[in-house]
Structure formats: structure tokens, C-alpha cells
Amino acid sequence: MKKKREIDLRIDRLIFPNLAEGLYNEKPIRLKGAIPGQLVRARLGKNKKNYKEAKLIQILERSDLETNEPCPNFEICGGCSYQTLKLETELELKKKSIEDLINGIGVEKNLIVHKNPKPYGYRNKMEYTFGDSVKDGPIVLGLHRRGRYYEIVDTVDCNIVHPDYEIIRTNLMNYFRNSNKMKYRKMSREGFLRHLVIRYALSTGEIMVNLVTTSQDELDEIEFTKLLLDLELEGNIVSILHTVNDDPADAVKSDFTKIIYGRDYIFEKVLGLDFKVSAFSFFQPNVFGIENLYSRVLELCGDIEDLTIFDLYSGTGTISQILAKSAKKVIGVEIVEEAVEAAKENAKLNKIENVEFRANDVLKELENLDSPPQLIVLDPPRSGIHPKALQGILEFKPEKFIYISCNPKSMAGDLNSFFEKGYKLENIEIFDQFTRTYHVETIAMMSRE
């Protein structure tokens, strides 16, 4: 059991969000990237309190659960986890791992699972990276190789995006292969080409293409634009941007962004409302799935015609505006000022007047929220709610809480605080927003006993 020793391990179960566990010499071993039933070779790592860490080296035997034909890049691409599973099997594994999670805090509930209404081609945003698949090889534009920082995978036939993504990506990859432009090298910090970001409003067909480079070379904007507009696509390119980013960090940032064609936003529709989505604004990556989720939130809210509702961690105000269509008033609080400005603009676009957005940290804004709400909707970041903020939120003592979470683990950690204040968990539901990955969205509804 020494560190760095390689062992063969049969995987027994999944632990949310992305840990597989098996027993070796009666000691639990946990690693990322495997599924129950597989026999894997793993390299042992650190000792933890109740288990030992390991790193997946090789899959020696497939699981009996793996009966689906994956995309051609599944073995090497780091984008997906469950390509070899049937959709029903994937949902069962996700459900079981979250049941184990909430059982671990003493809650036993029959979880309701909502399928992804569009399990293939559902993503409305992709960030591709320029690099190479082998050292000093030709330019590759795609996703990071699984477990490798420097190698990029040519994601041909990716099945979680619309075919238009692949047309745009492959044409631009070939265009820059035939140019004298250099891909950016992280170690030397030299080169021009960094990222390609495509946003695709699948409800309207509008496409935004954003090329991210350094300032070390120049882009032929006329030729670049013509290439894109000449492509035969199902959707319609309405925005072409060029972002310059000289920050050494491997992330999409903007020193400045220039519009080289069209406008700097696209329109997306959610439950009949219009939303302007800009290059760097956050928006749910699966619009069809989020319509399912928000429709369910409305059902759980019940009759809200005479209610004042707090929407805390409101982001760009999507759920606030959907609630405001039925409620007396909605107050949204969000710390990111750009998101609040986008929320205000979208509310004006949709002619919704009974919603108010405040740019502040939720903890600090609590003392300014004087009118007690009958309902509070929470949609915190992945890390969950700050303990001090959670205690302040609970002091409002509304009749009902609806907690939306992109990380059930952090939500599970918050639930005991609700129980201590006299709330009971009415139900918890899973939404498979991100098929083929381990991510899910959950809703928990709590009412005052």
C-alpha cells in the first residue's frame, strides 16, 4: 500500500461528484474517471482518514454496464465521463450517488429524476483551445486530452454539440493550419492563437464566434469574417468577435474585445422570455434542460400571485423574471455587477417591472432587505452558501425555501442548517442537465414545520 505503487482494482461504486471506489486489501481506494464494474490499474497516492487516494492509469476490463457506442474520442477526450453508458444507466448511477450523498446526512428520500429533453447536441457554449496533439505537430483546435495539460484533442463528431460547432471548428482549424500563425505556448508565453469560443442560442439559431488571441500578431479580419459567413450552417452567425488576452493563465479572459461583424450579443429564449447573451456573461449551457427545471420551480412555488419573493444569488436574473410573471414582486441579489446589469437590461427587454435587482454580496445585502418574504429561492455558486449568509437568510423565516444547486454535495452540507431552524425537506429532484458528464442540477424544497 505504499505511495506510487500500482495495483489492479475492481470498482464497486460511485461517490458524487466524480469519485470511483473499490476495495484493495479491505482498504477503500478512491480515484477519478472510472465506473462500477470496471477493473482498473491505479497508482496509489495519499492516505486520507477513511480511504486512500489513487490515480487511474489504465482500464483493464470494461464494466457490464458499458453497452453504448461512444463518440470516437471518448478514450482520450476530457469532456465526457459516461459515453459508454446507455442514458438510462447513466441516470441510475447519478441517482444512486446522490441518494448515498443525502443518506450520509441522515435524509432518506425517493429522488425524482428528470431526463434531459435533448441529450445530444444540447450545449449552447463551447470553449476550444489551440494546441497540438503531439509535440511540435500541426495546429489542433479542440478540448484538453484527458489527464494531460498540454495536449489537445481534435473533437471530431462530438455528440454533445450541434453539428454547426464542428463545421465552424474544423474549418477554422484548417484555416490556421494553412496560415503562418503560431499557437500560444504556455511555457514560453509565445504565440498568437489561444481559444475559440462558440455560443449558439439553440432556441433562436443565433451564433456568436469569438476568437481569442494574444497581441503578438495580427488577424486578417476581412478574410476571417468571409470564411465564417461562407460556411453552410443550419444556424445564423450574427456575431464575430476578436478578443485579445495576454494574461499567462490558461483561461478565456479579455484585455479588450472588438466586434468585427454584427453585434456583441445573441438572443436566447427561455419560457417565452428573451435574454441577451454577451461574450462573457454566464448563461445556463442547456436551455432545454433549464426550461424543464424552471417550470418545475414554478410548480413547487404554488400560488405566488400575492407574494414577495427573494431570489438570492440571482445571476443574470433568469429565474427572477420567470417568477415575476406570476408573483407580486421579486427582489434579486447578485454580487457580480455585470450580471446585475444584464438582468436589468433583460427585464427591460421583457417589459417586466415588478422585479428589482441589487448588486451586492448576499451577506451584506441581507440587512437592507426589510420586507419579509413568504418564499426565498436560492441558487448559490458551486461552493454553496457562506455559513454566516445562510444563518442570516434563515432569520427571515419564510414559509418555504426552494434551493437550486449545481453541486448537490455543497447543498447536502447546507441542509442541516435548515433542519435546525425547523424546516423539513419536502422533496429533492435531480435534473440531468449535462448528459454524458457527471454534473447534475438539483432542486430541494423545504417548508417550515
Side-chain angles (χ1 to χ4, degrees), residues 11 14 17-18 20 31-35 37-38 40-41 55-63 65-87 89-90 93-94 116 118-177 183-184 186 193-200 202 209 212 231 233-234 250 252 285-286 432-439:
I11 303 301
L14 285 181
N18 189 30
L31 50 85
K32 293 182 178 180
I35 61 174
Q38 287 179 341
V40 303
R41 183 156 293 155
K55 182 178 181 180
L56 177 66
I57 303 299
Q58 183 183 358
I59 296 172
L60 302 175
E61 290 180 14
R62 288 292 180 189
S63 167
L65 301 176
E66 297 180 89
T67 59
N68 190 62
E69 186 67 31
C71 80
N73 295 297
F74 175 64
E75 296 290 342
I76 57 174
C77 178
C80 293
S81 306
Y82 301 139
Q83 285 275 342
T84 56
L85 302 179
K86 297 289 187 185
L87 295 175
T89 307
E90 178 182 338
L93 283 178
K94 289 178 175 178
N116 188 343
K118 190 177 176 64
Y120 297 101
Y122 62 85
R123 286 196 63 90
N124 60 22
K125 179 186 176 185
M126 287 293 282
E127 293 183 2
Y128 298 110
T129 301
F130 286 95
D132 47 37
S133 57
V134 293
K135 188 176 180 180
D136 298 324
I139 287 175
V140 176
L141 177 58
L143 300 181
H144 285 277
R145 187 184 180 98
R146 183 174 300 185
R148 306 285 183 89
Y149 180 67
Y150 291 101
E151 296 175 22
I152 304 300
V153 176
D154 182 356
T155 53
V156 61
D157 294 335
C158 176
N159 59 28
I160 64 170
V161 297
H162 189 283
D164 283 353
Y165 280 86
E166 282 299 284
I167 295 172
I168 295 169
R169 184 191 66 84
T170 53
N171 275 275
L172 289 183
M173 180 173 67
N174 292 330
Y175 169 73
F176 285 114
R177 278 181 176 177
K183 51 191 175 268
Y184 182 72
K186 301 178 185 70
L193 302 167
R194 299 197 69 168
H195 298 94
L196 176 73
V197 184
I198 302 174
R199 304 195 80 143
Y200 198 138
L202 294 170
V209 179
V212 183
L231 297 176
L233 304 172
E234 185 178 322
D250 187 26
V252 177
N286 180 353
D432 185 33
Q433 300 281 79
F434 314 104
T435 306
R436 297 316 187 195
T437 78
Y438 57 84
H439 297 289

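One finds the CZ atom of R145 at 8.0 Å from the OG atom of S133 (value rounded to the nearest 0.5 Å). In this structure, the separation between CG on N18 and CG on L31 is 9.5 Å, given to the nearest 0.5 Å. Going from atom CG of L196 over to atom CG of L141 covers 5.5 Å, rounded to the nearest 0.5 Å. Of the inter-residue distances, the one linking L56 atom CG with Q38 atom CD reads 7.5 Å to the nearest 0.5 angstrom. One finds the CG atom of L93 at 6.0 Å from the CG atom of L85 (value rounded to the nearest 0.5 Å). With rounding to the nearest 0.5 Å, the separation of CD1 in I35 from CD1 in I59 is 7.5 Å.
Smallest separation of non-hydrogen atoms from R123 and V161: CB-CG1, 4.3 Å. What you find for G142 and T155 is that their closest heavy atoms are CA-OG1, 4.3 Å. Listed here is the closest heavy atom pair of A20 and A34: CB-O, 3.5 Å. The nearest pair of heavy atoms linking G121 to L202 is O-CD1, 3.6 Å. Y122 and Q433 get closest at one heavy-atom pair: CE1-O, 3.6 Å. Closest non-hydrogen pair, V156 versus P72, comes out as O-CG, 3.6 Å.
Formation of a donor-acceptor pair under 3.5 Å by the R436 side chain with backbone atoms of Y82 is found in this model. A donor-acceptor contact shorter than 3.5 Å links the side chain of R146 to the backbone of C77.
A side-chain donor from one of N159 and Q83 sits under 3.5 Å from a side-chain acceptor of the other.
Evaluation of the ring pair (Phe, Tyr, Trp, His ring centres under 6.0 Å) test over residues 154-174, restricted to residues two or more places apart or in two chains, returns H162-Y200, Y165-Y200.
Remark: Q58 engages R41, L60 in a side-chain contact (heavy atoms from CB on, under 4.5 Å) (not counting sequence neighbours). With sequence neighbours left out, N174 forms a side-chain contact (heavy atoms from CB on, under 4.5 Å) with R177. S81 pairs by the side-chain hydrogen bond (donor to acceptor under 3.5 Å, both in side chains) definition with nothing, not counting sequence neighbours. Partners of D432 by side-chain hydrogen bond (donor to acceptor under 3.5 Å, both in side chains), not counting sequence neighbours, listed by chain and number: K94, T435. In this structure, the ring-ring contact (aromatic ring centres under 6.0 Å, His included) partners of F176, at least two apart in sequence or on a different chain, are F130.
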- Evaluate side-chain contact (heavy atoms from CB on, under 4.5 Å) for V140 paired with E151, printing each intermediate quantity in order. CA-CA 9 Å; V140 176; E151 296 175 22; over 6 Å; no
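Contact annotation: the side chain of C71 never approaches that of D157 to less than 4.5 Å [non-hydrogen atoms, C-beta and beyond]. Considering only heavy atoms from C-beta on, I11 stays 4.5 Å or farther from S63 through its side chain. You'll find the side chain of I152 reaches within 4.5 Å of the side chain of H144, heavy atoms only.
Within 6.0 Å of the NZ atom in K186, the count of heavy atoms belonging to other residues, nucleotides or ligands exceeds 12.
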